[in-house]
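Indexing begins at 1, ligand by ligand and atom by atom, following the structure's order.
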Amino acid sequence: MNNKEIIDLDSKYIMQTYGRQPIALTHGNGATIWDADGNEYLDFFAGIAVNVLGQSHPKVIEAIQKQAEKLIHVSNVYYTEEQVKLAKKLAEITIFDRIFFANSGAEANEGAIKLARKFTGKGEIIATNNSFHGRTLVTVTATGQDKYKEPFKPLPSGFIHVPFGDSKAIANAITDDTAAVLIEAIQGEGGIVVPPKMYLKEVEAICREKGVLFILDEVQTGFGRTGEMFAYELFGIKPDIMTIAKALGNGYPIGGLLARSEVAEGFDYGDHGSTFGGNPLGCAVALTVIETIKDENLLENSKNLGNYLKNEFINLNEKYDFITDVRGFGLFLAIELDRDSSEITNKMRERGFLINSTAGNVLRFAPPLIITKEEIDKMILALDQVFSEI
Ligand SMILES: *Cc1c(COP(=O)(O)O)cnc(C)c1O
């Protein structure tokens with residue numbers, strides 16, 4: 001099938017909830033992806049910051065093949081070696097002791113909210129404006145953007161929103177019924193919004209002082225995206241609960257919520273569960289993803305090439321008046337414009353580069369962490385040309 005045939009079937013058989021780019025992707029290798037008409041693209045979006053190892057990584061293929069020959073799924077009625085190995089690895093590479101495995105970011109946040117309420121015996125969750133935490137009814141309610149939740153009222157109660165970046169607003173919003181503060185380290189869908197330097201440290205201190213749990217949503221920032229394995233390292237903080245998903249499985253759907261032992265013990269037998277969560281195939285892949293990030297020095301690549309790319313963006317910022325900001329860490333970068341950004345995303349796609357528009361006027365860049373300097377140079381050249389035509 002070609003692009004048009006696939007898109008026609010989508011418009012007939014799929015619920016029309018997505019504003020998709022008008023191409024159907026067929027296969028890829030590293031940071032290169034092809035569409036159903038045979039066009040080639042360099043991928044600077046990685047399936048929404050998911051494919052840290054790019055497409056067709058030999059280690060990922062091998063992990064899937066080997067595990068598929070043994071066990072794909074058994075449910076959580078039984079133990080598997082793959083699940084405990086991944087849990088142990090996550091405990092080793094983080095400040096947390098225990099994990100609950102889910103299948104997606106929304107489910108990870110849903111579980112974190114349940115754990116916070118169970119552990120504290122309190123109901124209220126404080127989240128921030130412009131945030132994104134998922135599309136289930138609870139996580140869309142936690143999300144600080146009205147457009148995602150207005151049509152779905154009545155919404156679950158117990159959620160309060162305050163401006164992002166304002167720690168005093170959090171201190172003021174905390175009441176005797178506050179269970180937790182839920183924050184993204186860097187707001188991803190919101191436009192790669194980086195908080196003031198001390199914000200997360202201040203939030204941590206406020207949470208400690210008032211006996212409130214600090215839940216950090218690292219669904220988009222986790223696994224090397226920002227140049228550190230996790231963004232909490234970047235900001236020097238120790239949240240009580242952290243949620244992960246996107247990059248963990250490099251495309252295999254797996255997520256989870258991590259906590260220190262004393263908080264994790266808030267969940268008793270029967271309190272939470274998932275049929276697919278932490279199945280052996282997902283865990284085998286995720287373990288390989290984490291090991292490969294380390295083996296291939298991808299944190300270094302994210303840091304170094306991230307700095308390189310950001311500097312190139314800063315040069316573009318000096319050249320073009322319509323650029324209003326350049327921000328981000330590692331290979332998680334944004335160019336903010338004084339206008340809608342979708343036209344530029346379209347023009348870049350026509351030239352063979354996949355980038356993303358978010359928050360209306362922001363260009364979001366989240367390439368696979370295996371991206372090379374040569375690939376970045378090609379993209380910058382095209383972006384400069386597209387910008388020069390505006
Ligand atoms: C993508 C995202 C989610 C939701 O993840 P899904 O896997 O789509 O449910 C939650 N939080 C953040 C910060 C995200 O970027």
Side-chain angles (χ1 to χ4, degrees), residues 15 17-20 45-52 99-116 125-145 147-149 152 159 161 164-165 180-195 200 203 214-226 228 230-232 234-235 239 241-258 274 276-279 282 285-286 289 328-334 356-359 362 364-366:
M15 293 191 193
T17 63
Y18 296 109
R20 298 187 207 258
F45 191 40
I48 321 189
V50 166
N51 306 308
V52 276
I99 182 161
F100 177 91
F101 286 112
N103 309 293
S104 66
E107 280 176 84
N109 284 327
E110 187 96 18
I113 291 164
K114 283 178 74 175
L115 176 59
I125 307 291
I126 299 171
T128 61
N129 296 339
N130 195 49
S131 60
F132 185 86
H133 298 294
R135 302 290 205 138
T136 62
L137 269 176
V138 158
T139 57
V140 89
T141 305
T143 291
Q145 303 185 55
K147 64 178 182 209
Y148 292 128
K149 52 187 161 182
F152 307 109
F159 292 86
H161 290 88
F164 184 64
V181 172
L182 167 63
I183 302 187
E184 291 166 89
I186 294 169
Q187 291 186 331
E189 303 304 303
I192 312 204
V193 183
V194 178
L200 292 168
V203 171
F214 182 7
I215 307 172
L216 195 66
D217 180 344
E218 290 234 31
V219 168
Q220 194 156 159
T221 49
F223 302 100
R225 183 52 55 201
T226 66
E228 301 291 342
F230 297 99
Y232 71 77
L234 200 62
F235 295 101
I241 300 174
M242 174 173 79
T243 54
I244 55 174
K246 288 193 166 83
L248 174 59
N250 197 60
Y252 186 94
I254 179 168
L257 58 130
L258 294 127
S274 167
F276 296 126
N279 79 16
V285 175
V289 170
F329 290 93
L331 288 168
F332 194 42
L333 297 170
N356 173 252
S357 291
T358 191
V362 174
R364 172 170 44 171
F365 299 84

(message) Just checking Phe223 against Phe230, ring centres under 6.0 Å apart?
(response)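 So the answer is yes for these two rings.
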(request) Have a look at Pro239 and tell me which of Ile215, Leu216, Leu200, Val181 forms a side chain to side chain contact (heavy atoms under 4.5 Å, CB included) with it. (result)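 Among Ile215, Leu216, Leu200, Val181, the one that satisfies the side chain to side chain contact (heavy atoms under 4.5 Å, CB included) with Pro239 is Leu216.
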(request) Could you tell me which residues satisfy salt bridge (Lys or Arg N to Asp or Glu O under 4.0 Å) with Glu110, sequence neighbours excluded, listed by chain and number? (result)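 Glu110 satisfies salt bridge (Lys or Arg N to Asp or Glu O under 4.0 Å) with no residue once adjacent residues are dropped.
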(message) Ignoring hydrogens and geometry beyond distance, is a side-chain donor-acceptor pair present between Glu189 and Thr143 at under 3.5 Å?
(response)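 Checked: Glu189/Thr143 side chains show no N/O donor-acceptor pair below 3.5 Å.
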(message) Under the rule for side-chain hydrogen bond (donor to acceptor under 3.5 Å, both in side chains), what residues qualify as partners of Thr226, not counting sequence neighbours?
(response)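 Scan of Thr226 (side-chain hydrogen bond (donor to acceptor under 3.5 Å, both in side chains), adjacent residues dropped) gives none.
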(message) Which residues pass the side-chain hydrogen bond (donor to acceptor under 3.5 Å, both in side chains) test with Glu184, not counting sequence neighbours?
(response)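 side-chain hydrogen bond (donor to acceptor under 3.5 Å, both in side chains) check on Glu184 returns nothing, list empty.
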(request) Select all protein residues for which some heavy-atom-to-ligand 1 distance is less than 4.0 Å, and list them by chain and number. (result)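 Those residues closer than 4.0 Å to ligand 1 by some heavy atom are Ser104, Gly105, Ala106, Asn109, Phe132, His133, Gly134, Glu184, Asp217, Val219, Gln220, Lys246.
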